[in-house]
Amino acid sequence: MKPGLQFTVFVSVVIMHGQIFDVSAKRHNVLFLVIDDLRPALGCYDYPKVISPNIDQLASRSVLFENAHVQQTVCGPSRTSFLTSRRPDTTRLYDFGSYWRTHAGNFTSLPQHFKENGYFTYSIGKVFHPGICSNHNDDYPLSWSKPAYHPSTQAYKMAKVCPDADGKRHMNLLCPVDVSTQPEGSLPDIQSSEHAVDMLKEFQADSSEQPFFLAVGFHKPHIPYKFPKDFLKLYPLKEIDLAPNPFKPIGLPDVAFSPYNRLRIRHDFGLLNVSYPYGPVPETYQKRIRQHYYSSVSYTDSRVGIVLDQLEESGFANNTIVVLLGDHGWSLGEHAEWCKYENFEVVTRIPLMVHMPGMSDINLTNEKKFPFQDVLKSGSSQRFKIKRGPRSTALVEAVDVFPTLAELAGLKVPPTCPLDTLKVDFCTEGASLAKIMMKSAQKTFLKAQKLSTKDMSDDNENWKDAVFSQYPRPSVHPQSNTDLPDLKDIKIMGYTMRTRHHRYTEWVAFNPATFQADFNSVYARELYLRDSDPLEVYNVGNFPMYEDLVMKMRKKLIAGWREALPK
Ligand SMILES: *[C@@H]1O[C@H](CO)[C@@H](O)[C@H](O)[C@H]1NC(C)=O
Ligand SMILES: *[C@@H]1O[C@H](CO)[C@@H](O)[C@H](O)[C@H]1NC(C)=O
Ligand SMILES: *[C@@H]1O[C@H](CO)[C@@H](O)[C@H](O)[C@H]1NC(C)=O
Ligand SMILES: *[C@@H]1O[C@H](CO)[C@@H](O)[C@H](O)[C@H]1NC(C)=O
């Protein structure tokens with residue numbers, strides 16, 4: 001048996017569900033990697049500036065989703081949403097102030113489903129958002145087989161530990177460090193990845209055939225940008241660009257803007273006296289933020305690589321489903337924005353890739369490894385040539401991950417939630433991506449074998465035609481709690497919908513006591529024509545010439561996710 005799991009618990013689970021499963025049959029393990037505030041700034045997403053060889057290599061043997069979106073662009077609500085496969089209007093979590101089981105409904109979580117099916121489930125680092133959102137115990141024991149591990153050095157995220165030009169240490173935004181001078185001589189993701197390696201070694205030594213669901217949540221590239229300072233060398237400042245659209249969009253309603261208060265509280269950023277609420281941030285500093293974000297991504301990539309290498313070393317690589325996703329994006333100056341807390345594509349869109357052994361494997365025999373010492377030595381001039389694996393352009397959502405993993409692992413797939421979703425513990429407000437994955441992998445294989453794929457349907461046929469996200473506001477104009485209003489202060493909800501050709505957002509009145517939105521009380525609307533305006537810089541939502549389109553989009557937005565499901 002895996003450490004911490006009593007045999008009696010295992011047996012009672014089997015009896016409780018009246019399920020007979022063959023314990024001797026080899027079942028797939030799951031490695032669930034979630035990365036805080038990671039937008040698709042990765043080599044495999046054709047973001048050429050960023051060096052991410054380990055994640056790119058995982059992508060080469062996964063199905064990569066090019067159009068994946070979260071349901072709310074802030075950690076707690078987004079994580080509770082994808083870990084329960086319910087949307088924020090169902091979990092009723094828009095801030096950090098409630099635990100879904102007591103506040104909304106006793107929804108079965110993703111790890112809970114695996115645990116109840118005989119898996120050893122374990123959480124390392126930031127998986128559930130810690131604190132009230134997950135009952136101060138990461139939803140243990142319902143979700144996990146033993147209490148979650150948190151790296152001790154995460155305690156210093158608001159501490160004055162960043163060396164600065166004045167010779168003192170401050171609570172900075174930009175924080176490249178000599179790790180040996182840090183409290184406890186380590187950093188959170190170093191500790192978490194080392195612990196994950198130890199766990200994989202334990203699993204390897206374990207003679208039982210019990211499969212594992214191991215979740216590892218990385219803290220970077222979330223602010224502060226605290227990482228081993230060598231990573232900064234990969235990104236000379238002179239090679240860093242500004243965002244292509246570093247200005248407020250035309251026709252942007254005030255309610256859509258987040259004044260990035262979380263950056264303003266940092267010592268170094270505060271010294272800039274950036275005008276409130278719209279800035280601008282000085283250009284050189286914009287470049288430095290981008291440089292430090294990229295460095296944090298490369299550092300995180302190096303820690304992901306250490307975990308993936310151990311998975312292979314321990315002999316689990318051919319029998320483990322690996323998923324990697326970000327919990328939402330991050331603005332790096334696009335729309336004159338910094339942070340998340342918005343409804344633009346740049347923050348709703350995430351990296352999402354799923355590796356299923358046998359589905360999209362490439363021959364690993366001669367594959368290069370990327371230990372980070374080598375990456376650092378290579379410098380920024382060198383880029384790694386890594387094969388592209390299967391990719392899907394289908395519009396997908398973070399709530400789809402739970403049913404996908406259930407289907408891939410051969411567990412019961414949660415059915416679509418009924419209208420009284422609050423009363424049903426086991427259901428999904430997403431849809432399994434397993435068949436889309438199959439199709440993408442198959443297509444890539446056929447092409448590689450020089451066979452025709454012309455009879456294969458497009459990914460987007462028989463699939464969702466829209467994906468949804470939402471963000472709350474306390475007021476029409478930016479104020480001190482605009483980024484992250486408490487539930488009681490929410491007065492407006494911004495619902496956004498991405499279709500193949502448009503993004504439509506409507507900001508409407510919201511009652512936090514009844515959790516009801518009033519679509520008859522509209523504060524603002526935004527419509528972006530993505531075919532001609534992929535950066536979402538020109539809001540045409542108020543032009544009479546687009547009134548018909550706005551009305552069509554509005555109808556679809558109100559009809560919501562159910563109507564957008566594959567028919
Ligand atoms: C939720 O359901 C589990 C059983 O699946 C039960 O142990 C737990 O007490 C329930 N929690 C709440 C808050 O109802
Ligand atoms: C910010 O304001 C302070 C106090 O008004 C001033 O001393 C400082 O020079 C200003 N800094 C910048 C970068 O403008
Ligand atoms: C996985 O690889 C190991 C050797 O590393 C082998 O014994 C095992 O049969 C393989 N399993 C599958 C499912 O291919
Ligand atoms: C993988 O590649 C190596 C070296 O090119 C070759 O020897 C081996 O047979 C290949 N394995 C498979 C399963 O194709």
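Between Tyr528 and Glu345, the side chains place no donor N or O within less than 3.5 Å of an acceptor N or O (distance only, hydrogens not considered). Judged by distance alone, the side chains of Asn135 and Tyr140 never bring a donor and an acceptor atom under 3.5 Å apart. Ser143 and Ser109 share a side-chain donor-acceptor pair at under 3.5 Å. Side chains of Ser52 and Asp56: a donor-acceptor N/O pair is present below 3.5 angstrom, by distance only. Checking Ser331 against Tyr341 by side-chain atom types alone, no donor-acceptor pair falls below 3.5 Å. Between the side chains of Arg503 and Thr496, at least one donor-acceptor pair of N or O atoms lies under 3.5 Å. Asp138 and His150 share a side-chain donor-acceptor pair at under 3.5 Å.
Within a 6.0 Å sphere centred on CD of Glu283, other residues, nucleotides and ligands contribute 12 heavy atoms or fewer. Counting heavy-atom neighbours within 6.0 Å of Lys248 NZ, excluding the residue itself, gives a total above 12.
Remark: Lys220 fails to qualify as a cation-pi partner of Phe227 under the 6.0 Å distance and 45° angle criteria applied to the six-membered ring.
Shown here are the side-chain hydrogen bond (donor to acceptor under 3.5 Å, both in side chains) partners of Arg290, two or more places apart in sequence or in another chain: Tyr294. Checked against side chain to side chain contact (heavy atoms under 4.5 Å, CB included), Ala196 has the following partners two or more places apart in sequence or in another chain: Ile124, Val216, Val307. Under the side chain to side chain contact (heavy atoms under 4.5 Å, CB included) criterion, Pro259 pairs with Asn261, Tyr276, Pro277, Pro478, Thr482, Asp483, not counting sequence neighbours. For Asp46, the salt bridge (Lys or Arg N to Asp or Glu O under 4.0 Å) partners two or more places apart in sequence, or in a different chain, are Arg388, Arg391. Here Tyr285 pairs with Asp268 under the side-chain hydrogen bond (donor to acceptor under 3.5 Å, both in side chains) rule; sequence neighbours left out. Residues satisfying the side chain to side chain contact (heavy atoms under 4.5 Å, CB included) criterion with Thr181, sequence neighbours excluded, are Arg169, Asp178. Partners of His129 by side-chain hydrogen bond (donor to acceptor under 3.5 Å, both in side chains), not counting sequence neighbours: none found. Residues passing the salt bridge (Lys or Arg N to Asp or Glu O under 4.0 Å) test with Arg473: none are found, sequence neighbours excluded. Residues passing the disulfide bond (SG atoms under 2.5 Å apart) test with Cys162 are Cys175, sequence neighbours excluded. Checked against ring pair (Phe, Tyr, Trp, His ring centres under 6.0 Å), Tyr471 has no partners two or more places apart in sequence or in another chain. The side chain to side chain contact (heavy atoms under 4.5 Å, CB included) test applied to Asp198 returns no partner, not counting sequence neighbours.
Electrostatic pairing of Glu239 and Lys49 does not count as a salt bridge here, judged by no charged N lying under 4.0 Å from a carboxylate O. The residues Arg87 and Glu397 are annotated as salt-bridged, a charged nitrogen and a carboxylate oxygen being separated by less than 4.0 angstrom.
Between Trp100 and Phe128, the distance separating the two ring centers is shorter than 6.0 angstrom. Aromatic rings of Tyr278 and Phe257 (six-membered ring for Trp) have centroids within the 6.0 Å cut-off, being under it.
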Please set out all donor-acceptor pairs under 3.5 angstrom arising from side-chain atoms of residues 29-45, sequence neighbours excluded.
from	atom 1	to	atom 2	distance (Å)
Asn29	OD1	Phe212	N	2.9
Asn29	ND2	Thr320	OG1	3.4
Asp36	OD1	Arg79	NH2	3.2
Asp36	OD2	Lys126	NZ	2.8
Asp37	OD1	His328	NE2	3.2
Asp37	OD1	Lys340	NZ	3.2
Asp37	OD2	Trp330	NE1	2.9
Asp37	OD2	Lys340	NZ	3.0
Arg39	NH1	Trp330	O	2.7
Arg39	NH1	Glu334	OE1	3.2
Arg39	NH1	Glu334	OE2	3.2
Arg39	NH2	Tyr47	OH	3.1
Arg39	NH2	Glu334	OE2	2.8
Tyr45	OH	Phe65	O	2.8
Tyr45	OH	Leu352	N	2.9
Tyr45	OH	Leu352	O	3.2

